[in-house]
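This is a predicted model, so every value here is computed, not measured. Just so it is clear, the values below take in all heavy atoms, side chains as well, and ignore hydrogens, waters and symmetry mates.
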Amino acid sequence: MKTLRDAKIGETVTVVKLHGEGAVRRRIMDMGITRGTSVCIRKVAPLGDPIEVTVRNYELSIRKADAEMIEVKEETR
């Protein structure tokens, strides 16, 4: 299982599944990260937290802990 945290800078991935429960899962979905959405990894902070991504044409910073809850697959072209 590959998570958003495992994705490399410049890589575009597709969300397969959201793990987690309740308010945390709802917050991730409210940010626009839902199943089937493309996510491009823009930057990673020096210590790895947070991760800056582009989702639905806007930039978003997400914590490592939240990124681990997002299962992804590499986007096919």
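- Residues that satisfy the salt bridge (charged side-chain N to carboxylate O under 4.0 Å, His left out) test with Arg27, not counting sequence neighbours, are Asp66.
- Counting heavy atoms from C-beta on, the side chains of Met69 and Thr3 never come closer than 4.5 Å.
- Applying the salt bridge (charged side-chain N to carboxylate O under 4.0 Å, His left out) rule to pairs touching residues 1-13 yields Lys2-Glu11, Lys2-Glu74, Arg5-Glu68, sequence neighbours excluded.
- When side chains are defined from C-beta on, Ile70 counts as touching Ile62, because their heavy atoms get closer than 4.5 Å.
- Between Thr34 and Val15 the shortest heavy-atom distance is O-CB, 3.4 Å.
- Among residues two or more places apart in sequence or in another chain, the salt bridge (charged side-chain N to carboxylate O under 4.0 Å, His left out) test is passed with Arg42 by Glu59.
- Lys43 meets the salt bridge (charged side-chain N to carboxylate O under 4.0 Å, His left out) test with no other residue; sequence neighbours excluded.
- In plain terms, the two heavy atoms of Asp49 and Lys64 that are nearest each other are OD1-N, 2.9 Å.
- The line from CZ of Arg35 to CE of Met29 is 9.0 Å long, rounded to the nearest 0.5 Å.
- Contact detail for Val13 and Ala7: the closest heavy-atom pair is CG1-CB, 4.2 Å.
- When every heavy atom of Thr12 is checked against every heavy atom of Ser38, the shortest pair comes out as CG2-CB, 4.4 Å.
- Both Val24 and Leu4 sit in one connected hydrophobic cluster of ILVMFWY residues. Membership requires side-chain heavy atoms under 4.5 Å apart, directly or through other members.
- Applying the side-chain hydrogen bond (donor to acceptor under 3.5 Å, both in side chains) test to Asp30 and every residue at least two apart in sequence or in another chain returns Arg26.
- With sequence neighbours left out, Val44 forms a side chain to side chain contact (heavy atoms under 4.5 Å, CB included) with Ile9, Ile41, Ile51.
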